[in-house]
Visitor: 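Let me begin by handing over the structure; questions about it come next.
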Amino acid sequence: MGFLEEAEKIRIQVGEALGKLGYYVEVRVEEPPIPELGDIATPVAFDLAKELRRKPSEIAEEIIREIDVSKLEVVHHVSNVNGFINFHMDPVKYPVAIINEVLSKRGDYGKIPIVRKRILIEHTNSNPNKALHIGTLRNAVIGDSLARFLKFLGHEVLVVNYIDDSGSQVADNTVAHYFMKVPTKPPEGLKFDEYSGKVYAEYNEKISRDEELKRLKSEVIRKIEEGGNEIAEFARRLSEEVVKCQLETAWDFGIFYDLLNWETDVIRSGIFQWAMKELEKRGEVYVEEEGVNKGCLMIKLRDVEEFKNLKAPDEVLIRSDGTATYVGKDIAYASWKLGLTPRKFKVKEWIQQPNGKTILTTHEYGEDYEFPGADIAITVVDKRQEYPQMVVKHALKKIGMPPSKEYHPYLYEVVALSGETASEMTSLEELKSRKVVHMSGRRGLVFNANDLLKTVFQKVYEETKKRHPEESEEWIRKVSMCLSTASVRYSLIKTDRNNLIVFDVKDAVRLEGDTGPYLQYTYARACRIIEKAGVDVDSVNEVSFETPEEQDLVKQIGKFSWVLNTASKTLAMNTIAVYMRHLADSFNSFYEKCPVITDGIRRDRFALVKSFLITMGNAFDIIGIEKLSII
RNA sequence: GGGCCCGUGGCCAAGCCAGGAUUAAGGCGUCGGCCUGCGGAGCCGAAGAUCCCGCGUUCAAAUCGCGGCGGGCCCGCCA
């Protein structure tokens, strides 16, 4: 029984005590600032002080007298400190309870009671005309961790990646390769997705400045949407090549998907037409007859409160040339996610992923995909898309999304470059003095995920080789890879999602301090103790933890479910990362002060180390970090 | 013009949504210690903070409200 469970029991007991006294107020529980004050506290006496017009301390005394401590087995005593009611846990029973819980639950340790839901998570969503960069990687890492977390809690999770193959960007590349005869074979040493990104940066501008090419591009978009023609098939082949490369990058980071939803298939499946029809039936759309948007199908938003502050709230869903906009398609796609549309995608098996699971892809010539619709659809998108996502949500309500379903845009801030890194990449001196430089695919100013991994790997490889000169090349490379991906994943997940990340290379290759490798190092040195001890312990009856380091480590381990419970409400993955750091800190302090292997084996400490490994291991699984026993 | 987000030691940052009790975590950097002892990718210690400013709510504000200031973003027949 950890902090979460004990806090809940205390909440109930205090609630009963209040009942006896005739007081009715919600019982808040918290952790006291220093351990000497107690393990769990409630400031409930302060909440009552005002209406009772009495001193908190007196009220606390009164409440404490009514608390039935016998119902709280692991509580040793209760104290009143200036009005705070502090519960002091039994120094033996509490650790024993926590350790035995961890040792018996193992891979399930940390799970909390939930109402099981079917949850669809969409993430990554990079345009299929360029490589994944550190911005899309943040998206993917957040999405992947969310998926892992929700699965860990016991939800049914479907992970999808939306491939925007019918938009403007793919059209640019198609025009370049198909009409302007840019070779489709990348130059030596460049992956196709990276090459594609360069072609885009070069030709996007050329096309936008030439009226003839612009007309051609509009025609290409229409052909791609229609399908069943050479241009559409050509474009699909281009996109598939890029997506394959993007998937390889994602796999390197331990990110896998269940299904790829191609935007063209939103149209070809009839889902798009269905959604537009539904909106039309309900009078939510109209054809604009004048002005800049003449001839476009618009959705009416001008009278909706949330959109009042926009200059021109109504949004284009179908352009005057008959092609669909991103928002239009996304409304339709979202209606599928939640099972609102009777139309189905056709899918086929595409590629086997390194995790053994075959990824499905929507495809014109596939089989009907049976999906009853998610209870909750989470879309991981960067903050700049907040308004369009609000439009999607609004449209879904109009189409008839039941209140039991939830459409949840999961917004996060983008990744930008430090002036120094941007200037190094481009050799543009003038960028150096800038604090923040935003990435831009069009300007070719992007830091690719592949390049980041290579850079980090190089540093990690050196360090690993230094430490293990006797190991095989294969072993060193494998371990270095695990450390590198952990390093990148951790650095992208540990920051609050509302904060802009200013990416800097010299910071990215750091392996000490608050980093993924630090966590893995801590895990590995704990593994060494278990191995060297050469015994095993499955439960404990007694412990004698006298040092603050032991007590602190026990408490940290016991807080895991509390942390996950909070995270399940906020979906803030960084709080789990921060917890892992605290857990590692506690272990390292313990490690210095409390030997496990002395003349004999300290069984209680051994059990504590094992509990630490299980807890940290479960957290690794959630955040997507490999568990290595030697690094 | 309107809206959203951020503002915590030189730098990065946790805590803020669910207000409390202390020296306001931690990391980088700086300075000083610790390996014949379970792995120094570590540990211990030192210096370093008007929690952007003002007003308000409250017994209590980094945390809540209002008003400023500074930075970023959004308001496209791009996605």
Side-chain angles (χ1 to χ4, degrees), chain A residues 26 28 30 32-34 36-37 41 43 46-47 49-50 55-56 81-84 86 125 127 164 167-169 204 218 263 288 292-298 306-313 315-321 323 325-327 329-330 381-388 411 413-414 416 435-436 438 442 460 463-464 467 483 494-496 498-502 504 506-507 510-522 524-533 566 569-570 572 574-575 578 581-582 584-585 588-589 591-598 605-606 609 630-631:
Chain A
E26 195 203 340
R28 296 183 284 145
E30 58 195 35
I34 49 172
E36 287 72 21
L37 292 169
F46 291 87
D47 297 334
K50 191 182 185 185
K55 288 183 183 151
V81 183
N82 305 321
F84 284 97
N86 293 345
N125 302 359
N127 271 304
D164 177 14
S168 166
Q169 297 203 11
N204 164 268
S218 162
E263 204 175 50
E288 180 61 80
V292 282
N293 295 329
K294 189 176 174 188
C296 295
L297 184 77
M298 314 286 292
E306 295 115 284
F307 302 100
K308 281 268 166 64
N309 50 44
L310 299 184
K311 278 180 194 160
E315 193 83 28
V316 177
L317 301 185
I318 301 179
R319 302 186 186 100
S320 58
D321 67 358
T323 60
T325 61
Y326 160 77
V327 178
K329 287 176 282 199
D330 214 37
V381 283
D382 78 56
K383 273 199 164 155
R384 294 172 303 191
Q385 300 200 37
E386 184 165 4
Y387 274 121
L411 304 169
E413 257 292 2
V414 297
K435 202 170 165 167
V436 175
H438 281 278
R442 271 187 282 213
V460 173
E463 292 295 318
T464 309
R467 281 157 228 256
L483 285 160
K494 73 172 181 179
T495 304
D496 186 297
N498 286 318
N499 285 94
L500 180 77
I501 293 181
V502 180
D504 190 89
K506 64 178 183 305
D507 192 50
R510 222 188 63 235
L511 306 173
E512 294 165 4
D514 187 10
T515 65
Y518 164 69
L519 300 180
Q520 287 171 306
Y521 170 77
T522 306
R525 66 196 324 211
C527 287
R528 296 275 67 71
I529 295 174
I530 301 295
E531 190 189 285
K532 292 208 170 170
T566 306
K569 289 174 184 148
T570 60
N574 74 306
T575 57
V578 169
R581 238 270 326 302
H582 288 156
D585 291 347
N588 282 317
S589 298
Y591 183 92
E592 293 293 326
K593 292 276 169 58
C594 310
V596 177
I597 303 165
T598 52
R605 287 181 178 170
F606 179 93
V609 173
I630 306 174
I631 65 171

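The sequence lines fix the lettering, A, B, ..., with proteins before strands; numbering per chain opens at 1. Since we're looking at a predicted model, the values are computed, not measured.
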Visitor: In whole Å, measure the gap between the C1' atoms of B/rU23 and B/rC51 for me.
Guide: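 It comes out at 15 Å once rounded to the nearest Å.
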
Visitor: At under 4.0 Å between heavy atoms, what does A/Thr570 touch on the DNA or RNA strands: base, sugar-phosphate, or nothing?
Guide: base

Visitor: When rounded to the nearest Å, what value does the distance between P atoms of B/rU50 and B/rG10 take?
Guide: 8 Å

Visitor: Can we say A/Lys383 and A/Glu386 salt-bridge, meaning some charged N sits less than 4.0 Å from an Asp/Glu carboxylate O?
Guide: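 Between A/Glu386 and A/Lys383 there is no salt bridge, as every charged N stays at least 4.0 Å from the carboxylate O atoms.
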
Visitor: Would you check if the side chain of A/Arg319 reaches a backbone N or O of A/Thr325 as a donor-acceptor pair within less than 3.5 Å?
Guide: no

Visitor: At 4.0 Å (heavy atoms only), tell me whether A/Arg467 reaches a base, stays on the sugar-phosphate, or touches nothing.
Guide: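 Counting heavy atoms under 4.0 Å across all strands, the contact made by A/Arg467 includes a base.
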
Visitor: Could you identify the nucleotide paired to B/rC43, looking across every strand shown and requiring Watson-Crick or G-U wobble geometry with both distances under 3.5 Å?
Guide: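 The answer is B/rG33, by the H-bond criterion.
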
Visitor: Work out how far the P atom of B/rG9 is from that of B/rG26, and round it to whole angstrom.
Guide: 16 Å

Visitor: State the syn/anti category of B/rC35 according to its glycosidic angle, syn meaning within 90° of 0.
Guide: syn

Visitor: If the C1' atom of B/rG48 is compared with that of B/rC74, how far apart are they to the nearest Å?
Guide: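 Looking at atom C1' only, B/rG48 and B/rC74 are 38 Å apart.
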
Visitor: Roughly how many Å apart are B/rA14 and B/rU8, using the C1' atom of each and rounding to a whole number?
Guide: 10 Å

Visitor: Provide the distance between the two P atoms, one in B/rC59 and one in B/rG19, to the nearest whole Å.
Guide: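 Going atom to atom, P in each nucleotide, I get 15 Å.
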
Visitor: Base, sugar-phosphate, or nothing for A/Val414, non-hydrogen atoms under 4.0 angstrom?
Guide: nothing

Visitor: Using whole Å, report how far CG of A/Asn588 lies from P of B/rG27.
Guide: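 Nearest whole value for this atom pair: 11 Å.
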
Visitor: Test your reading of the model: is there a side-chain donor-acceptor pair from A/Lys494 to the backbone of A/Asp514, 3.5 Å cut-off?
Guide: yes

Visitor: Touch check for A/Pro388, heavy atoms < 4.0 angstrom, all strands: base, sugar-phosphate only, or nothing?
Guide: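 It contacts base atoms.
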
Visitor: When we call it a touch if two heavy atoms are under 4.0 Å apart, what does A/Ile631 touch: a base, just sugar-phosphate, or nothing?
Guide: base

Visitor: Using the P atom on both, measure B/rG29 against B/rC11 and round to a whole Å.
Guide: 16 Å

Visitor: Hey, could you give me the CG/NZ distance between A/Asn588 and A/Lys593, rounded to the nearest 0.5 Å?
Guide: 12.0 Å

Visitor: Remember a base hit wins even if backbone is also touched, and classify A/His438 as base, sugar-phosphate or nothing at under 4.0 Å, heavy atoms.
Guide: sugar-phosphate

Visitor: Quick one: label A/Phe84 by what it contacts on the DNA or RNA (base, sugar-phosphate, nothing), any heavy atom closer than 4.0 Å.
Guide: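 The residue A/Phe84 makes base contact.
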
Visitor: Just to be sure I understand the rule, does A/Phe307 reach a base, reach only the sugar-phosphate, or reach nothing, if contact means heavy atoms closer than 4.0 Å?
Guide: nothing

Visitor: With a non-hydrogen cut-off below 4.0 angstrom, is A/Asp47 in contact with a base, only sugar-phosphate, or nothing?
Guide: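 Since a base atom lies under 4.0 Å of A/Asp47, the category is base.
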
Visitor: Could you check whether A/Pro56 gets within reach of a base, just the sugar-phosphate, or nothing at all, counting any heavy atom under 4.0 Å?
Guide: nothing

Visitor: Tell me what A/Thr598 touches on the nucleic acid: a base, only sugar-phosphate, or nothing, going by heavy atoms under 4.0 Å.
Guide: nothing

Visitor: Taking the side chain from A/Asp382 and the backbone from A/Val414, do they hold a donor-acceptor pair closer than 3.5 Å?
Guide: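 No, because the side chain of A/Asp382 does not come within donor-acceptor range (under 3.5 Å) of the backbone of A/Val414.
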
Visitor: Spell out yes or no: do the side chain of A/Arg525 and the base of B/rG42 have one donor N/O and one acceptor N/O closer than 3.5 Å?
Guide: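 Check fails, no donor-acceptor contact within cut-off.
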
Visitor: Have a look at A/Ala41 and say if it touches a base, only the backbone sugar-phosphate, or nothing, with a 4.0 Å heavy-atom cut-off.
Guide: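 Base: the residue A/Ala41, judged by heavy atoms under 4.0 Å, touches a nucleobase.
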
Visitor: Starting at atom CG of A/Asp504, determine the distance to atom P of B/rA13, rounded to an integer number of angstrom.
Guide: 12 Å

Visitor: Under 5.5 Å centre to centre and under 30° between planes: does that hold for A/Tyr591 and the six-membered base ring of B/rC38?
Guide: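 Stacked: centres under 5.5 Å apart, planes under 30°.
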
Visitor: Classify A/Thr566 by what it touches in the nucleic acid, base, sugar-phosphate, or nothing, heavy-atom distance under 4.0 Å.
Guide: base

Visitor: From A/Phe84 CZ over to A/Leu37 CG, what is the distance, rounded to the nearest 0.5 angstrom?
Guide: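 It is 9.0 Å, given to the nearest 0.5 Å.
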
Visitor: In whole angstroms, how far is the P atom of B/rG37 from the CD atom of A/Glu592?
Guide: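 Distance check: A/Glu592 CD to B/rG37 P gives 12 Å.
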
Visitor: To the nearest 0.5 Å, how far apart are OH in A/Tyr326 and CD in A/Glu315?
Guide: 10.5 Å

Visitor: Between the base of B/rA21 and the side chain of A/Asn86, is there a donor-acceptor distance below 3.5 Å?
Guide: yes

Visitor: What is the nucleic acid contact for A/Arg581, judged by heavy atoms within less than 4.0 Å: base, sugar-phosphate only, or nothing?
Guide: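 Base contact - A/Arg581 has a heavy atom under 4.0 Å of at least one base atom.
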
Visitor: Using atom C1' of each nucleotide, how far apart are B/rC66 and B/rC73 to the nearest Å?
Guide: 24 Å

Visitor: Counting distance alone, no hydrogens or angles: does the base of B/rC77 have a donor or acceptor under 3.5 Å from a partner atom on the side chain of A/Ser320?
Guide: yes

